[in-house]
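Encoded as structure tokens, the structure appears first; notes follow it.
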Amino acid sequence: MAISQARIIESMEQACSNPNPDEFIFSFLDAYGFPKSTITRLRKGDDSRNVASGDDIGLKKKLYFRSVPEGTDLNAEADSLKASEVVSRNDIRFVIVTDFKSLVAVDLKAEERLETTMDDLDKQYAFFLPLAGYEKAVMYSEHPADVKASEKMGRLFDLIRERNDLSKPEDIHALNVFLTRLLFCFYAEDTGIFAQGQMTSAIQSTTQEDGSDVDQFFSELFTVLNLEDDAPERKAMAAHFQEFPYVNGGLFEADEPIPEFGRKARRLLIDCGNMDWSEINPDIFGSMFQAVIDEEQRGDLGQHYTSVSNIMKVIQPLFLDKLYTELEKSRKNERKLKELLLRLQNLRIFDPACGSGNFLIIAYKELRKLEMEIIDALNTVSDQTEMYYSGIKLSQFHGIEIDDFAHEVAVLSLWLAEHQMNMAFKEKFGYAEASLPLKDSGHIVCGNALSLNWDNVCSPSDGKGNPFEVYICGNPPFLGHGTRSKEQISDMQTVLSHVKTYKLLDFVACWFWKGSLYVEKYNAELSLVGTSSICQGQQVDLLWTPILKKGIRLHFAHKSFSWSNNAKDKAAVHVVVVGLSAKAKEVNLYEKYKSDTIKKEVENISPYLLDGGNTVVSIRESQISGSPKMIFGNMPNEGGNLILTGEERAQLIGENPESAAWMKKLVGAKEFLQGGERWCLWLTGATKNDIDRFPSIRSRVDRVREKRLASKDAGTRKLAERPHEFRDLNNPDSFMIIPSVSSERRKYVPIGLFGSDVISTNLNLIIPGAGLYEFGILTSEMHNDWMRTVAGRLESRYRYSATLVYNTFPWPEINDQQRKTIEELAEEVLLVREDYPDKSLSKLYDPKEMPEPLREAHKALDRAVEKLYRDKPFRDATERLEHLFARYEKLIAEEKEKAPAKKTAKGSN
DNA sequence: CATCCGACAGATA
DNA sequence: TATCTGTCGGATG
């Protein structure tokens, strides 16, 4: 079992604070998971493992460590070591030189250098991760030209918007059409489809400087672009229009209104035209729509464009990486290179939610680039002067898109990409097939991916029984519950008919399921972007259990990362990329660390996207270990009328001091974690007369009734019958509070104990009657590790829940003495907290600010709780989880044995 | 009646 | 504008 990054960070923090020169290197090696036996031998001076001489430490293929007196030039020392015979003979990866004030390290493989002070070394722990088996993955970064062009077009759009009324959806659509056509023309005049600068110079020389006739110009231009070369209407046009070629019926066919331009907009238009558009990725089309579209349309289906770097996260591990590996293996072998060329022609790339075609375009271009490298290698290997042409056809690229306009753009963009790659081919080899006239285009179907038969869109074989090598990729739409239309829900029902509670899944799950059916049937491979919630919380069991049953496994995954693209307003969401295959041999897990993405080869990727087994926890109504029941706090659902600020409370009491008897302190997650005061009217037991005595309270209660009656939710409307009360009436004498949402930066979700003077809102979960023992277990690292794995998340925040986290947690079996120990240590945690009365729990549990005594108290408790599970301490979270999951499985099995008829809460069937 | 979630939402730096 | 961190109550079982 590999060492976890969390443990490395922790150990490095220790090793780097006040390093002991004699011990430092040993703590360092320990931190990165070197075997204890190796470290002990090195410490004893046993030189059978040490390849270095003197006081240096050298481990074959790993590192060479040297400590030097203060004042030594560390870089020079590292350089001389780097060039030394002992380092190259032993294939050393890292050279490390330090004077214990600063440290210089060189990664000889990645050719990177780290210079840092000793104090900051722990923050640089990622540099040495290859020592623990984590390799940095090389990722694609955004093209600056795209960003620049997108900004310019955004400004042009703003100017057009000032001048034109865009209140109606059809106006916006017309503008979208116009911008697409404009972009095509910019493209065309820089890439040889038009004459160089043909349109821009025509605008410059034939339109008024005040921009008043620019719309007329475009009207005529678009007409001529839609006329075949020998069409008689052409003759009637002005000479400078006649020079434009016939392009493509699709794009310029419809007669859409053209926006008016002003002086400024015309100048910006010419400015845009003078840019070099040949450098731009065709995927900019998608980017443009996203960046310039109307606010209200943002977030609509298909408008979420995927950045190139995120597309690469999907297609590199899916097929590009292995094809490149194949090329490297075959470089010297003419026959194998030719086979690889043929293999490329046998590929099928299929995006069942293709939008304006971003994934297909990037995939196409990347495959053409690879093909050029193969041809290059062939030219080097073979003596014959054979002319190799590109064999990759646009017809190998399949897509489904529900929006007709996006689908048109996708077809067009693919053709542009083909032209672009033909130019690149010609540049490299001096010859290429002509792009014109238009040949076959991508096979993009306009329709509903959830009702279409995918076999018909992307046929898995050539019809003569020869299978294609099919890869499914894309970024289908995410829609959580409450955000879906009736039609979409009915689509979900059709596709996810095997899941009873299919409505709990995200819309995107449809593509994963339908995709896995295709993968299973044709032994294809798939890689899709999904919202991170499909790998968290209640969805995990529903989606993945049936997929894993098919023998399909997650052959790579990018762990949850925050969504980002070049759009002005990017979607706020965390996403995952998951690859599915029944045949892949290598399993890789990718994780973002600051600006790097780290790749790690693992045995298996769990549906939680962890390096571990496939055990999945499903929601359950009852506690698996018989611990006390956890319930919700109290949902107010009253529009703020029963809730009082400190001032409002004072005012009410000022009006009538007796009203104070009906008030209680209100604690939501925010008050609990960050402090602050809120109060509520807790009128349970109050009669109509009681309430009428306080006019202010009476009017508040009346407003609650109105508010509830206005709700679209039937349950809420029914609540209007008792408008003086919260929806729930949980006010136990003593109880524990656990915030339902809290920051993921914390090692422990802060929890606390309260009495009946406090009302908890539904933003907390509560356990009535819970005491120190329950507090001790639930605040332990064991339980928090469990929570981190099985809990749902709000983006990346922890989302504690009773059915997923609490009810499923396997509690230890204990005797009275052990119980007492835990209670004492739990009390100690609470007592230490009291030493910081002016610090909120949020501050106390902030990893940067957590006071040392509190940390210590928790550590003592953690160790004691661990001991309840087994004597031998756990090495890290991975080991703790392994143990807990094994215990969970055992408990579930026992439960089934005892009561086979009584089913546990399982969503999938 | 109970409760998980939000291609988020609101406050703060 | 980026960063941080949890509201509110609907939709759903």
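Proteins get letters first, then strands, A, B, ... in listed order; numbering begins at 1 in each. A quick note: this is a predicted structure, and the numbers were derived from the prediction, not measured.
Heavy atoms of A:Arg799 sit under 4.0 angstrom from at least one base atom. Contacts of A:Arg484 with the nucleic acid, taken as non-hydrogen atoms under 4.0 Å apart, involve only primed sugar atoms and P, OP1 or OP2. Note on A:Thr716: only backbone sugar-phosphate atoms sit closer than 4.0 angstrom, heavy atoms only; bases stay farther off. Here A:Thr761 lies out of heavy-atom contact (under 4.0 Å) with every strand. Within 4.0 Å of A:Arg678, counting heavy atoms only, lie sugar-phosphate atoms of the nucleic acid but no base atom.
Partners of A:Glu648 under the salt bridge (Lys or Arg N to Asp or Glu O under 4.0 Å) rule, at least two apart in sequence or in another chain, are A:Arg700. Checked against salt bridge (Lys or Arg N to Asp or Glu O under 4.0 Å), A:Asp713 has no partners two or more places apart in sequence or in another chain. With sequence neighbours excluded, no residue forms a ring pair (Phe, Tyr, Trp, His ring centres under 6.0 Å) with A:Phe735. Remark: A:Tyr800 engages A:His783 in a ring pair (Phe, Tyr, Trp, His ring centres under 6.0 Å) (not counting sequence neighbours). A search for salt bridge (Lys or Arg N to Asp or Glu O under 4.0 Å) contacts involving A:Arg703 returns nothing, not counting sequence neighbours. Residues that satisfy the ring pair (Phe, Tyr, Trp, His ring centres under 6.0 Å) test with A:Phe885, not counting sequence neighbours, are A:Trp786.
The side chain of A:Glu795 lies closest to B:dC8, out of B:dA7, B:dC5, B:dC8.
Listed by residue number, A:Ala669, A:Lys670, A:Leu673, A:Gln674 are the residues of residues 667-675 of chain A with a heavy-atom contact under 4.0 Å to DNA chain C. For DNA chain C, the neighbouring residues in residues 627-645 of chain A, judged by any heavy atom under 4.0 Å, are A:Met635, A:Asn637, A:Gly639.
Ranked by how close their nearest DNA chain C nucleotide is to the 5' end, A:Lys503 and A:Ser842 are led by A:Ser842. Between A:Asp728 and A:Leu763, the residue anchored nearer the 5' end of DNA chain B, judged by the nucleotide with its closest heavy atom, is A:Asp728. Looking at which nucleotide of DNA chain B each of A:Ser801 and A:Phe478 is closest to, the 5′-most match is held by A:Ser801.
Protein atom CZ of A:Arg620 is 19 Å distant from nucleotide atom P of B:dA2, rounded to whole Å. The interatomic distance linking A:Leu479 (CG) with B:dC8 (C1') rounds to 14 Å, in whole Å. Distance, A:His574 NE2 to B:dG6 P: 12 Å, rounded to whole Å. In this structure, A:Trp563 places its CH2 atom 16 Å from P of B:dG6, rounding to the nearest Å. A straight line from CG of A:Leu719 to P of B:dC1 spans 8 Å, rounded to a whole angstrom. At whole-Å resolution of the value, CD in A:Gln536 and C1' in B:dG6 are 13 Å apart. Counting to the nearest Å, the P atom of B:dC1 and the CZ atom of A:Phe726 are 17 Å from each other. Between A:His481 atom NE2 and B:dC8 atom C1' there is a gap of 12 Å when expressed in whole angstrom units.
For the pair A:Leu753 and A:Phe775, the tightest heavy-atom approach, listed with the atom from each and the gap, is CG-CD1, 4.4 Å.
Nucleotides of DNA chain C lying under 4.0 Å from heavy atoms of chain A occupy a range whose first and last members, 5' to 3', are C:dT5 to C:dG13.
Regarding contacts with the backbone of B:dC4, every side-chain N or O of A:Arg793 stays at 4.0 angstrom or more from both OP1 and OP2. Remark: A:Ser533 is in phosphate contact with B:dG6, judged by side-chain N or O atoms under 4.0 Å from OP1 or OP2.
Comparing B:dA7 with C:dT5, their P atoms sit 22 Å apart, to the nearest whole Å.
For A:Lys670, the NZ atom counts as loosely surrounded, since its 6.0 Å shell holds 12 or fewer non-hydrogen atoms of other residues, nucleotides or ligands. Shown here is A:Lys707, whose NZ atom has no more than 12 heavy atoms of other residues, nucleotides or ligands within 6.0 Å. Heavy atoms of other residues, nucleotides or ligands lying less than 6.0 angstrom from NZ of A:Lys839 number more than 12.
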task: Report the C-alpha separation of A:His481 and A:Phe507 in whole Å, then their side-chain angles, then the decisive distance to 0.1 Å, and conclude whether the ring-ring contact (aromatic ring centres under 6.0 Å, His included) test is met.
output: CA-CA 8 Å; A:His481 70 67; A:Phe507 195 43; over 10 Å; no
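Applying the salt bridge (Lys or Arg N to Asp or Glu O under 4.0 Å) rule to pairs touching residues 623-638 of chain A yields nothing, sequence neighbours excluded.
Taking CG of A:Leu644 as the reference point, atom CG of A:Asn641 lies at 10.0 Å (rounded to 0.5 Å).
Checked for salt-bridge contact, A:Lys843 and A:Asp846 miss the test: no charged N lies under 4.0 Å from a carboxylate O.
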Contacts table for residues 790-797 of chain A: side-chain donor-acceptor under 3.5 angstrom, sequence neighbours left out:
| from | atom 1 | to | atom 2 | distance (Å) |
| --- | --- | --- | --- | --- |
| A:Arg793 | NH1 | A:Ser796 | O | 3.0 |
| A:Arg793 | NH2 | A:Arg788 | O | 2.9 |
| A:Ser796 | OG | A:Glu744 | OE2 | 3.0 |
| A:Arg797 | NE | A:Glu744 | OE1 | 2.9 |

query: Dot-bracket for DNA chain B, 5' to 3', counting Watson-Crick or G-U wobble pairs under 3.5 Å, with [ ] for crossing pairs and | for inter-strand pairs?
result: ||||||.||||||
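Within 3.5 Å, no donor on the side chain of A:Asn730 pairs with an acceptor on the base of B:dA2, nor the reverse.
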